[in-house]
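Taking it in order: structure first as structure tokens, then the write-up.
When a ligand or atom number is given, it counts from 1 through the structure's own listing order.
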Amino acid sequence: MSETANVWKEWTFKACDENNWIPAKVPGCVHMDLYHNGIIPNPFYGKNESELQWIDKKDWEYQCFFDVPEELKASLHLELVFDGLDTYADVYVNDRHILSADNMFRSWRVDVKQWLTECDNKLSVHFRSPIHEDLPKLERLGYGLPASNDQSDVGGLVDKKISVFARKAPYHYGWDWGPRFVTSGIWREVRLEGWTECRITDVYIRQDEVTPVLAKLTAVLEIEVTEAWEGSLHVLTEGLSWTRKVNLVSGINHVELNMSIDQPRLWWCRGLGEPDLYSFKVELIGTRGSAAQKSIRTGLRTIKLVTNQDDEGTSFYIELNGVAVFAKGANHIPNDSFLTEVTYETYRHEIATAAASNMNMLRVWGGGIYEQDMFYELCDEYGLLVWQDFMFACSMYPGDEVFLLNVKLEAEENIKRLRNYACIALWCGNNEMDTAWSHYDEQAGWGWKKLYSSEQRERIWHDYEQIFHMILPEAVNRWAPDISYWPSSPMCGLKGNEDQHAHQNSSSGDIHYWGVWHSVEPFEKYNEHVGRFMSEYGFQSFPEYESVKTYAEETDMALESEVMLAHQKHKRGNQLIKEYMDIYMREPKDFPSFLYMSQVLQAEAMKTAIEAHRRRKPYCMGSLYWQMNDCWPVASWAGMDYYGRWKALQYYARRSFSDVLLSVDDTDESRLDVYIISDFRFPIHGTLRIELLNFSGDVIWCCVGPVEVDALSGVKALSVNKEELLAGNDETSVLLVVQLETDGTVIGSCEHYLVPFKEMKLADPTIQITEVEGSGGTRFVLETDTLAKQVRLSTSIEGIFDDNYFDLLPNRPKTVTFMARSAGRTPFDFSAPAQLEICSMIDCVTRHTKDLKNSMA
Ligand code: BMA
């Protein structure tokens with residue numbers, strides 16, 4: 001039987017060139033240990049990032065003492081196991097060197113039994129500076145490799161971009177939303193494992209065939225035994241069991257056991273069904289009883305990427321249990337610059353937020369980490385599919401033998417670690433490297449190729465192909481054969497010619513469309529650039545005032561202040577927000593109003609994009625905006641800030657991703673097209689009501705009729721001529737309200753305006769808030785006398801509302817519910833009372849007339 005134990009007494013650490021040992025936390029990292037000991041200030045505050053760049057230039061040492069615990073003393077083998085070392089580490093037990101590590105994404109284990117005594121063993125881990133380790137590699141190569149987001153200048157390295165040489169989270173070296181903190185540390189669990197006779201080292205429940213009628217599965221096991229061993233293998237789940245005799249030889253054995261489950265409960269992503277999970281217990285029983293056991297949990301489903309040739313190009317969608325899924329979601333980045341600061345609750349809040357925002361997919365983007373197990377456990381539980389990148393992004397990487405072998409082992413280990421999670425939908429080689437290099441198209445790409453001689457180019461591309469067209473697909477095919485592999489996001493397809501590379505009008509593969517934002521194209525362009533799967537597009541905003549206050553003082557509260565610029569990692573970011581705001585919004589009256597308006601601006605941009613993508617279903621089958629979350633408090637593309645606070649975008653996304661979407665296409669000069677998009681697996685027979693209202697709430701025009709929408713499809717339900725619709729009414733003070741009802745219940749609704757916000761003739765609303773009796777201060781009815789745009793509710797308690805940043809219409813009371821963020825059993829607590837504060841757009845714009853009545857409740 002194998003036993004594990006966490007035996008460590010107090011950990012301490014120090015810089016190698018110093019003498020004082022200081023308390024440390026393991027798992028952890030140097031930066032956080034320095035901070036918690038009061039040696040450095042809060043790295044996220046003000047301009048501190050630039051002051052803390054010395055840390056990565058030093059070597060660091062961690063040490064602790066330990067006794068071999070009673071329960072492990074009799075074990076024949078005693079292994080020291082590191083689930084993760086960041087990054088260049090030498091490990092010593094009782095001053096004997098036992099291990100050298102060079103990849104943050106791999107785990108390490110060494111049998112140390114022979115070096116241990118019963119008490120007071122010394123474990124020390126020596127981290128070499130990743131900077132000093134990798135600078136010579138750059139020297140040896142003789143030329144630099146592209147690494148667009150590596151902020152070497154912030155790190156004092158001028159243009160020496162060395163991130164690509166380390167198998168370490170790329171975003172540690174800085175990104176256009178992240179600071180540069182190149183950490184070192186024991187970042188995952190370290191433990192002592194003991195075993196004697198036999199142990200199960202890996203369990204994979206391979207899903208050979210899964211239908212609602214039958215699941216044919218194979219338990220694929222790796223078992224290690226000390227000596228030849230005979231016994232039986234048992235697998236159990238929910239009252240079912242399978243067994244076989246096993247004859248094992250000394251060393252590693254591979255054993256398979258076929259199983260089948262009649263009428264299995266399938267795992268579905270959110271919106272399509274329940275994310276049902278099965279727990280499997282695997283046990284080896286010998287003459288002396290149970291010899292080893294392991295439990296794993298998985299969901300039964302078939303999942304594949306479908307890339308079929310069709311009239312318009314090549315499809316790109318995920319098929320789950322035979323159903324084509326329209327993927328709705330966002331790109332996930334690590335939740336902190338210092339990974340060990342991320343708690344279970346942080347992950348749960350993120351995943352619960354994604355599910356509450358009607359998403360069904362997150363992309364674990366290639367510039368971060370292969371996430372912690374709890375991330376995938378939560379995705380399994382909440383029914384969120386995971387598009388999983390390998391950790392390579394926006395750079396070209398070396399291709400020497402040592403590096404390639406390291407990548408191969410990293411891939412194998414991570415695929416094996418993640419392959420039982422039902423949520424894994426796709427493995428993708430890298431982020432944006434195929435398009436950035438654009439090997440087959442001389443004019444395309446990010447200009448990288450031109451910096452190299454033809455010989456260097458061939459070598460760089462050859463190295464690329466080794467990793468992304470050979471090592472990684474072979475690894476996926478070998479270790480998780482049921483999961484598809486896509487070499488790079490975005491890409492048209494593996495063609496070996498210029499048709500391979502994605503562009504913003506590709507009709508095959510996936511697209512990252514950044515014309516809006518990076519190229520300052522208007523929001524309306526989202527309607528034109530719709531591909532088969534939109535895996536990235538985005539627009540920045542600022543976090544809310546409370547979040548900004550954690551890094552800036554009152555005196556810093558100006559767009560171009562040094563502190564605000566230190567928390568804007570995109571060079572033109574603040575300027576772009578300002579430029580777009582000038583186009584679409586009125587002038588904000590002060591800095592907090594500017595923050596609010598930046599959020600509304602971002603949310604409106606993303607609404608335009610998401611709805612354009614969904615209206616093009618099934619041509620387009622995915623919409624993942626950039627980005628879900630933040631790794632520090634910053635201006636960024638995130639919908640939820642570092643503190644987990646929902647920006648306007650999160651509420652807008654919840655509405656635009658809802659399973660039944662009503663959306664008005666206003667791209668034609670003379671027409672308005674009303675669409676119903678349904679992600680229901682059953683047809684809808686309903687009544688569609690379309691009304692034209694003035695801002696005082698009077699109905700000017702109305703049309704009601706029956707509609708039918710097939711399962712999982714979209715229809716253009718109505719097309720109206722704008723001129724006829726307006727019939728002479730002033731377009732600056734009317735709106736269209738669309739509602740879909742089935743059996744008297746409204747299952748979808750939307751508002752649509754005929755002019756941009758700037759031109760609307762808005763009056764000052766008086767908003768009344770009434771607490772719903774018996775709700776304990778958690779539910780409120782809001783009423784207004786004239787249209788109130790983008791009503792924002794806030795409260796001093798952390799939490800979310802079931803709707804926010806919505807338009808409140810006269811004569812249409814709206815009930816909202818507050819849900820406090822909770823560390824308890826559920827992510828949200830429906831019983832915490834809120835003190836509401838409320839404002840709407842008109843309160844945030846500069847007024848030229850001052851005859852305001854106070855509209856605040
Ligand atoms: C995409 C991402 C990230 C980046 C974002 C915003 O290219 O893959 O690299 O942060 O755009 O620029």
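Taking only nitrogen or oxygen atoms, main chain and side chain alike, W637 does not reach within less than 3.5 Å of ligand 1.
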| said: Please determine whether side-chain contact (heavy atoms from CB on, under 4.5 Å) holds for the pair H567 and S636, giving the CA-CA distance in whole Å, both sets of side-chain angles, and the decisive distance to 0.1 Å. | reply: CA-CA 9 Å; H567 288 255; S636 83; over 6 Å; no

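The aromatic rings of F533 and F316 stand perpendicular to each other, their planes meeting at an angle above 60°, with 30° marking the opposite boundary.
Considering N149, N431, D176 only, the shortest heavy-atom separation from atom 4 (C) of ligand 1 involves D176.
Taking the ring axis of F392 as reference, the NZ or CZ atom of R167 stays within 45° of it and closer than 6.0 Å to the ring centre.
Here the protein heavy atom with the shortest distance to atom 2 (C) of ligand 1 is E536 OE1, 3.2 Å. The nearest heavy-atom contact from the protein to atom 9 (O) of ligand 1 is W175 NE1, 2.9 Å. In terms of protein heavy-atom proximity, atom 11 (O) of ligand 1 is closest to W514 CZ2, 3.3 Å.
Contact annotation: G367 has no heavy atom less than 4.0 Å from any atom of ligand 1. Residue W365 places a heavy atom under 4.0 Å from ligand 1.
When heavy-atom distances to ligand 1 are checked against a 4.0 Å cut-off, C394 comes that close only through its side chain, counted from C-beta outward. Counting heavy atoms closer than 4.0 Å to ligand 1, residue H518 contributes side-chain atoms (C-beta onward) but none from N, CA, C or O.
Look at D56 and R180 and you find a salt bridge, because one of the NZ, NE, NH1 or NH2 atoms lies within 4.0 Å of a carboxylate O, short of that distance. Between E546 and K549, at least one side-chain N (NZ, or NE/NH1/NH2) sits under 4.0 Å from a carboxylate O, which counts as a salt bridge. Using a 4.0 Å cut-off between charged nitrogen and carboxylate oxygen, D510 and R532 do not count as a salt-bridge pair.
Within the 4.5 Å cutoff, side-chain heavy atoms of P43 are placed close to those of L52.
Atom numbering of ligand 1 starts at 1 in the shown order; those under 4.0 Å from a heavy atom of E432 are 1 (C), 7 (O), 8 (O).
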